[in-house]
Structures are given as structure tokens and as C-alpha cells.
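Since the structure comes first, as C-alpha cells, the remarks are kept for the end.
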Amino acid sequence: MPELPEVETTRRGLLPHVAGRRVANVLLRRPDLRWPIPREVEALLPGQRIEGIRRRAKYLLLDTAAGSALLHLGMSGSLRVLPGDTPVRAHDHVDIALDSSRVLRFNDPRRFGCLLWQAPGETHPLLAALGPEPLSDDFDGDLLFLRSRGRSAPVKTFLMDQAVVVGVGNIYAAEALFMAGISPLRAAGKVSRGRYQALADAVKAILAHAIQRGGTTLRDFISPDGAPGYFEQELLAYGRGGEPCPRCGRPLKQAMIGQRASVWCGHCQR
DNA sequence: CTCTTAACCTGGACGC
DNA sequence: TGCGTCCAGGTTAAGA
């Protein structure tokens, strides 16, 4: 489900409800999601004051003096702030009850998400090898160009590699490549510096705009207050295989690239 | 290293 | 109505 804009939308939605609140209780309805939930979550989190929420790549970190809860929403996860007496629904796996009598509830049907722990001053191994944030000045066309030299994988696969740049998933990779006029099938190592500059600009523009629209809701993404995202209606390529290209009118192609459904225009994207 | 493939898991859409 | 198949926004692990 969530790429960077959806995770950032979640962060912004949670922040006013969570920052400064104290954790009253932690309830795990199952011991694991993608991985076992470490004992620190139950042992250390209760009683802590949540100082803030950070996002790194598609991860969220709930910061406390005792350490940080590290969350990933996987494909189907969502976090909501609800009244403490809200009835539990299927796949409500974790409750973090707050001293405001509300509860931060983690729902994840497919359980590809995770809840882990990062000790103060440490960097969790999952965060260690991540590439730069796409909306930061550390990310630009030169970085894509330099890191792609000698690589034969399709540029779409390269762009979705979280070690290259974080936050770009299947939706926004398709959109950015469409906007930049680059075929997703082209070998990453054969894209020019100038075209990578256009691609980096497209990534930044699309992610920033999607955040502004509250993310993309395809099936089930919801922000913490229950609102959907409104970017879906602006998607130009993703999910539109066979439809006319918005630029030239020819039918958009669809195929699997790196085991992910991909849509592009064979005329406008080279 | 880089690249490809399979796997994790559930639910919804679709075809018969 | 029911059942089988395929597909889904992510990521890791294993093997070549």
C-alpha cells in the first residue's frame, strides 16, 4: 500500500495526537507481524512520553527517551488514532494506548509490516543501508547517474531500489518515469545524465504533490483520521494499461518488470 | 557486487 | 453460490 507520500501523510496525521502524549499501555494481539515484535516494545514503551514522530524512507519512528518504536506499514498496513473504546476489527494487531484515552491502532491484513525497536543513539540494521531521502538535497540526477553506471537492470527496478533512493514504490516509479519520458525497460546504466536530472526532478515533484494531496488511496489506504488520499485521480500511468496515453493518445503498454506490474507509453517514453 | 526469483500473507476480482 | 486462479501500494533471503 504505502509509498513515501502515504507514510508521510500518516506521520502528519498522527503527530498532533501523539506528540507529547504518554503511553498508557501496549497491547499486542499477536506476537509477530513480518518479524517477532521485540520485548522492548512491551517492556519499555509503557510510561514513556512520545517526543515526536520521524519518518525515514517508508519507516516511522515513535521517539521516546527509552528508545524508538520502528514501524513499517508493508503493503497493507495502516495506523489510526481512535477513541480508546473503539471495537476491534479483523487484523487490528497492535494497540498503543495513550494518556489521552485514545489509542494508536495498527491494522495490517497481510502482515508484511513490522514493529521493531531502536535503542537510543543506535541505527537499526534495516535503516543502515538506505539511500538518501528523495525530497532532500542529497538526492539529485547526478546521484542517479553515478550510481547507475554499469548496471543492467531496468531503470524502473533501479529507481525502486531503496539503497539507491528511498520512498519510491511501484506507483510513483511509474509516474516519475512517465513524466520524465524514460522507458521503464531501459537499462539503468544506459540512461544519460541529463535524463536522470529530469527523472530526479520528476520524483521530487510527484512525491511532493502526492503528499500535498494526502497520498494515493487505491484500495484501502487511510490517513490516521480516516480520510482517504486524493492523488489517485491524478495518476497518469499507473493502473491505466490499455488506456490512451495522456500525452499522445496511443494505448499505454502494460507488462511485468522486475515482477511488478508496469505501465508506460511506448511512444513518449524511450 | 549485481541480478533474478521465490517467499512472506490475506482479500478481492474474475472466470468457469 | 462456490471454487480455483491471479493479482495487489513492500521487502528480504537465497542462489546464480
Side-chain angles (χ1 to χ4, degrees), chain A residues 1-10 29-37 55-60 70-79 89-93 106-116 124-131 134 146-177 184-190 203 206-207 210-211 213-223 228-242 254-263:
Chain A
M1 163 176 55
E3 302 182 36
L4 186 148
E6 292 72 43
V7 179
E8 180 61 22
T9 295
T10 297
R29 295 197 178 80
R30 54 175 302 134
D32 63 312
L33 296 166
R34 176 177 192 147
W35 293 295
I37 297 169
R55 180 189 57 73
R56 173 69 176 112
K58 300 171 190 171
Y59 294 90
L60 290 171
L70 178 63
L71 292 137
H72 195 293
L73 302 177
M75 290 273 269
S76 58
S78 60
L79 283 165
R89 300 197 290 186
H91 313 299
D92 283 341
H93 303 308
F106 187 10
N107 181 286
D108 186 4
R110 292 175 73 179
R111 302 204 306 275
F112 287 177
C114 61
L115 170 51
L116 299 168
H124 194 280
L126 287 173
L127 306 184
L130 294 172
L146 293 171
R147 295 220 43 182
S148 63
R149 291 309 90 184
R151 295 185 63 159
S152 61
V155 61
K156 176 165 180 271
T157 305
F158 171 74
L159 185 61
M160 291 172 65
D161 182 347
Q162 303 296 297
V164 173
V165 58
V166 303
V168 183
N170 203 32
I171 295 177
Y172 299 109
E175 296 301 302
L177 287 163
L185 288 168
R186 181 166 296 279
K190 296 199 166 178
V203 166
I206 287 163
L207 294 181
I211 290 170
R213 307 289 280 126
T216 298
T217 296
L218 292 186
R219 276 163 277 279
D220 50 12
F221 172 73
I222 42 172
S223 68
Y230 295 100
F231 194 69
E232 178 184 8
Q233 53 216 43
E234 300 183 39
L235 296 176
L236 298 177
Y238 180 88
R240 296 189 182 276
Q254 173 154 0
M256 299 296 275
I257 301 174
Q259 311 205 114
R260 308 302 298 275
S262 305
V263 178

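Proteins get letters first, then strands, A, B, ... in listed order; numbering begins at 1 in each.
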**Prompt:** With the threshold set at 4.0 Å, does a side-chain nitrogen-carboxylate oxygen contact exist between A:Lys58 and A:Glu3?
**Reply:** no

**Item:** Interatomic distance, A:Met75 CE vs B:dA7 P [rounded to whole Å]
**Value:** 16 Å

**Request:** Say whether, by atom type as modelled, one donor and one acceptor occur between the side chain of A:Gln162 and the main chain of A:Gly167 under 3.5 angstrom.
**Result:** yes

**Prompt:** Given side chains that start at C-beta, do those of A:Leu126 and A:Tyr59 come closer than 4.5 Å, heavy atoms only?
**Reply:** yes

**Request:** Could you measure between the two P atoms, the one in C:dT5 and the one in B:dA7, and give it in whole Å?
**Result:** 16 Å

**Fill in**
The residue among A:Leu4, A:Val165, A:Val168 that forms side-chain contact (heavy atoms from CB on, under 4.5 Å) with A:Val203 is A:Val168

**Complete:** Quick note, A:Arg110 side chain, CB onward, closest among C:dG9, B:dT4, B:dT10 is B:dT10

**Message:** Would you say the base of B:dC9 stacks on A:Phe112 (centre-to-centre below 5.5 Å, plane angle below 30°)?
**Reply:** no

**Request:** Specify the residue among A:Gly258 and A:Arg147 whose closest nucleotide of DNA chain B lies further upstream toward the 5′ end.
**Result:** A:Arg147

**Prompt:** A:Leu71 CG to C:dT11 P: how many Å, rounded?
**Reply:** 14 Å

**Asked** Which residues pass the ring pair (Phe, Tyr, Trp, His ring centres under 6.0 Å) test with A:Phe112, sequence neighbours left out?
**Response** none

**Prompt:** Within this structure, what is the NZ-to-P distance between A:Lys156 and C:dG10, rounded to whole angstrom?
**Reply:** 9 Å

**N or O in side chain of A:His72 less than 4.0 angstrom from C:dT11 OP1/OP2** = yes

**Message:** Can you tell whether the side chains of A:Arg30 and A:Asp108 come within less than 4.0 Å, N to carboxylate O?
**Reply:** no

**Request:** Look at all strands and tell whether A:Thr157 reaches a base, only sugar-phosphate, or nothing, counting heavy atoms closer than 4.0 Å.
**Result:** nothing

**Message:** Using a 4.0 Å heavy-atom cut-off, does A:Ala90 contact any base of the nucleic acid, only the sugar-phosphate backbone, or nothing at all?
**Reply:** nothing

**Request:** Give the rounded distance in Å between these two atoms: CD of A:Glu8 and P of C:dG9.
**Result:** 22 Å

**Asked** Within this structure, what is the OH-to-C1' distance between A:Tyr59 and C:dG10, rounded to whole angstrom?
**Response** 9 Å

**Item:** Crowding at CZ, A:Arg149 (>12 non-hydrogen neighbours, <6.0 Å)
**Value:** yes

**Prompt:** Side chain of A:Ala261: nearest nucleotide among C:dA8, C:dT11, B:dG11?
**Reply:** C:dA8

**Request:** Report the distance from atom CG of A:Leu218 to atom C1' of C:dG10, rounded to the nearest whole Å.
**Result:** 14 Å

**Request:** Identify whether any heavy atom of A:Tyr172 sits under 4.0 Å from a base atom; if not, whether one sits that close to sugar-phosphate; answer base, sugar-phosphate or nothing.
**Result:** nothing

**Asked** Is the backbone N or O of A:Gly74 less than 3.5 Å from a side-chain atom of A:Arg110, with the two atoms forming a donor-acceptor pair by type?
**Response** no

**A:Arg111 (side chain) and B:dC9 (base): donor-acceptor pair under 3.5 Å** = no

**Item:** P-based separation of B:dC9 from C:dA14 [nearest Å]
**Value:** 15 Å

**Prompt:** Closer than 4.0 Å, any side-chain N/O of A:His91 to the OP1 or OP2 of B:dC9?
**Reply:** no

**Asked** Which listed nucleotide (B:dC9, B:dT5, C:dA8) is nearest to the side chain of A:Tyr238?
**Response** C:dA8

**Message:** Just the rounded figure in Å: distance from C1' of B:dT4 to CZ of A:Phe158.
**Reply:** 17 Å

**Message:** Dot-bracket for DNA chain C, please. Rules: Watson-Crick or G-U, both distances under 3.5 Å, ( ) within the strand, [ ] when a pair crosses earlier ones, | for another strand, . otherwise.
**Reply:** .|||||||.|||||||

**Asked** Quick one: A:Ile171 CD1 to C:dA8 C1', roughly how many Å, whole number?
**Response** 10 Å

**Prompt:** So which nucleotide from C:dA8, C:dT12, B:dT4 ends up closest to the side chain of A:Leu126?
**Reply:** C:dT12

**Prompt:** Hey, is the side chain of A:Arg260 poking within less than 4.0 Å of OP1 or OP2 on C:dG10, counting only N and O atoms?
**Reply:** yes

**Item:** Inter-nucleotide C1' distance (C:dG9, B:dC3), Å rounded
**Value:** 23 Å

**Prompt:** For the residue pair A:Cys114 and A:Trp35, what are the closest heavy atoms and their distance?
**Reply:** CB-CE3, 3.8 Å

**Message:** Using a heavy-atom cut-off of 4.0 Å across all strands, would you classify A:Gln259 as base, sugar-phosphate, or nothing?
**Reply:** base

**Prompt:** Just checking A:Arg151: base, sugar-phosphate only, or nothing, at a heavy-atom cut-off of under 4.0 Å?
**Reply:** sugar-phosphate

